[in-house]
Amino acid sequence: MLDALAHALRTIDPDRPALLGATRSGAARVIVRRGELAELADGYAAALHRRGLTTGDTLGVAVRPGPRGLAVLLAAYRLGLRVAVLDPTAGPDVLAARLALARPDLVVADATAQAAAGWARPLARRAGLALPPLAALGPLATVGPRLPGCAPALGRRSGPLPEPVSGDGDAVIVFTSGTTARPRAVVHSRASLAASLRAVTDLVAPERGTTVLGGTFFVLAPALTAGARVALPARRGVRLARQLAALAPANTYLTPPQLRAALAAGARFGGRVWTGSAPADAALLGRVRAAGAAQAWGVYALTELFPAAAVEAAEKGAFAADGQAGDLVGHPLPGVRTALGTDHELLLAGPAARDRYLGEAPDPWVRTGDRATPTQDGRIVLAGRLKDMVLRRAENIYPGLYEPALHVRGVELAVLVGVSDGQGDERLVALVQPGGSSDPRTLRAALATPLARMGTARPDAVLFGEVPLAGRSRKPDRKAAAAHCAAQLATHHGGRR
């Protein structure tokens, strides 16, 4: 797929826009054209080759999503390099510990990343970003414009390029779970990466000449290969809503928090809308359909296997309306195999599955950490995270089994967390985030029925407030939510049910 992308950028409408940004009014502005993106990737490949990097070497990348980030990835793939993604949301200690497992032969970073690791560290910390001194991780080079104090430029060398590397091998390392002492790193091979991109292409089917709105690598590569142009989503909800109105994209990929922000700003959708990276309940997908989308899809995916399953709003809504417990994520996509492990943990395998965890032997089965129950027709229904289990009065309670019921009209987001009662047991607390203009009294009345239907899993307390989010995908931060609930309960000497 990435070889095909490099070829397509040169041969399919090279003078047409590849990536688009948005003005304040939402109108499109061209960031880079297709032929320019191909030349940028060639220049970086030549520069990396001149520095002596060769097949199997590790390249640390701290570059914001956009043309330079994509061009660096294409250059690394051409040379057979292994890319280690440096996540500024992980924290400097965790990131340094992770990279001790895979010391980069070179780190490339843009000026923003270097500022976040240096003079702008206090400002970056307020935004939840923190990087260790990048030069301490390995030799450092700057991609894009340099600012005072930045490392020497990587440059874009001209001249003959080495032939693209063929065959398999490590392609990318993404650090996911574990602790500072024992970090875990997902290693995707060139083969599994290609299979992931083919699966996205088969699922979304982007078409030449259309516009796709989305900013992740798994949106960019298939769309650009097909000859579509990609608009990077605006960060603020109001501008994102204007961008959607101006572009009328055929396919839109936004995370659930981005969808909520757009909907709160009155966004109207068209074409097909895709969301993932965090749970998307039937209510959210239904709101997207009500806002004009022809289809609204929830995609179940993991860093270890992307994508794994998908479900459209109508199917998910019908499942929820039937009163069935759990979160329906749909049929496994072609090539994805499923099995159940201990305690009904969902196991996945397939061509797009990661090769291994760094430092561990290859394993065809991915342990998702999700408790699941299959339907008779083979669809996957999630019943919560194994590690999120709450133990109350000797009963195991899986939050994911009951949280969908809390998403009544007017609820933006809701989670169930366990809070210690100080006597060796846990209290089950619901933290409910109201929508923009929702009245807590009205919401409490609306929640009475689903709460009554929870039986022995009914929460001990229902608190209203903002649900903390974490990470690049902005998933609910259950640890922070539990700490918030514990503080609120201590302050008010108990919560109202």
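Keep in mind that this is a model prediction, so the values were computed, not measured.
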Side chain to side chain contact (heavy atoms under 4.5 Å, CB included) assessment of Tyr44 paired with Leu40: CA-CA 6 Å; Tyr44 288 152; Leu40 189 61; 3.7 Å; yes

Working for salt bridge (charged side-chain N to carboxylate O under 4.0 Å, His left out), residues Asp13 and Arg208: CA-CA 10 Å; Asp13 304 324; Arg208 181 174 178 173; 3.2 Å; yes

Leu240 and Leu254: CA distance, side-chain angles, deciding distance, side chain to side chain contact (heavy atoms under 4.5 Å, CB included) verdict: CA-CA 10 Å; Leu240 179 56; Leu254 297 171; 4.0 Å; yes

Residues Glu403, Val415; criterion side chain to side chain contact (heavy atoms under 4.5 Å, CB included); working and verdict: CA-CA 6 Å; Glu403 285 171 346; Val415 294; 3.6 Å; yes

Intermediate values then yes/no, side chain to side chain contact (heavy atoms under 4.5 Å, CB included), Arg354 and Asp363: CA-CA 9 Å; Arg354 54 93 186 100; Asp363 181 356; 4.2 Å; yes

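For the pair Ile173 and His188, the minimum side-chain heavy-atom distance is 4.5 Å or more. Contact annotation: the side chain of Asp477 never approaches that of Leu469 to less than 4.5 Å [non-hydrogen atoms, C-beta and beyond]. Side-chain contact between Leu285 and Thr275 is present, with at least one heavy-atom pair separated by less than 4.5 Å. With a 4.5 Å cut-off on side-chain heavy atoms, Leu302 and Arg367 do not count as touching. Proximity of Phe217 to Val85: side-chain heavy atoms (C-beta onward) are nowhere separated by under 4.5 Å. In this structure, the side chains of Pro374 and Leu340 come closer than 4.5 Å at one or more pairs of heavy atoms. Taking 4.5 Å as the limit, some side-chain heavy atom of Arg78 sits within range of a side-chain heavy atom of Asp42. Two residues are said to be in side-chain contact when any heavy atoms from C-beta on lie closer than 4.5 Å; Leu224 and Leu37 meet this criterion.
Summarising the geometry, atom CH2 belonging to Trp365 is positioned 5.0 Å from atom CZ belonging to Arg337; distances are rounded to the nearest 0.5 Å. Between the OG1 atom of Thr211 and the CG atom of Asn251 there is a distance of 10.0 Å, given to the nearest 0.5 Å. To the nearest 0.5 Å, atoms CZ (Arg82) and CG (Asp105) are separated by 8.5 Å. One distance of note links CZ of Arg236 with CZ of Arg239; it measures 8.0 Å at 0.5 Å rounding. The distance from atom CG of Leu247 to atom CG of Leu20, rounded to the nearest 0.5 Å, is 6.5 Å. To the nearest 0.5 Å, atom CG of residue Asp355 and atom CG of residue Leu193 are 12.0 Å apart.
Side chain of Arg146 to backbone of Ala151: a donor-acceptor contact under 3.5 angstrom is found. Remark: side-chain polar atoms of Gln295 are not paired, donor with acceptor, to backbone N or O of Glu312 under 3.5 angstrom. Arg34 places a side-chain N or O within donor-acceptor distance of the main-chain N or O of Ala8, the cut-off being under 3.5 Å. Looking at Gln114, its side chain never comes within 3.5 Å of a backbone N or O of Leu134 through a donor-acceptor pair. The main-chain N or O of Val212 is never found under 3.5 Å from a side-chain atom of Arg229 such that the two would form a donor-acceptor pair. Side chain of Asp57 to backbone of Thr54: a donor-acceptor contact under 3.5 angstrom is found. In terms of modelled atom types and a separation under 3.5 Å, the side chain of Gln433 and the main chain of Val467 share a donor-acceptor contact. No side-chain donor-acceptor contact under 3.5 Å links Thr201 to the backbone of Pro222. A donor-acceptor contact shorter than 3.5 Å is absent between the side chain of Arg272 and the backbone of Tyr253. Side chain of Arg190 to backbone of Gly167: a donor-acceptor contact under 3.5 angstrom is found.
The two residues Leu5 and Leu74 make their nearest non-hydrogen contact at CD2-CD2, 3.8 Å. Shortest non-hydrogen contact noted between Arg103 and Leu137 is CD-O, 3.2 Å. Taking every heavy atom of both residues into account, Ile380 and Leu382 meet most closely at CG2-CD2, 3.9 Å. Between Gln258 and Pro233, the shortest heavy-atom contact is NE2-CB, 4.2 Å. When every heavy atom of Ala141 is checked against every heavy atom of Arg51, the shortest pair comes out as CB-NH2, 3.9 Å. Between Pro404 and Gly326, the shortest heavy-atom contact is CG-O, 4.2 Å.
Side chains of Thr112 and Asp110: no donor on one and acceptor on the other come within 3.5 Å.
Remark: Glu360 CD is packed, more than 12 non-hydrogen atoms of other residues, nucleotides or ligands lying under 6.0 Å away.
Lys316 and Asp281 are not joined by a salt bridge, as no carboxylate oxygen comes within less than 4.0 angstrom of a charged side-chain nitrogen. Contact check on Arg356 versus Asp170 returns a salt bridge, with a Lys/Arg side-chain nitrogen under 4.0 Å from an Asp/Glu carboxylate oxygen.
Here the options are Phe218, Tyr300, Trp297, the test is ring pair (Phe, Tyr, Trp, His ring centres under 6.0 Å), and the partner is Trp274; only Trp297 passes.
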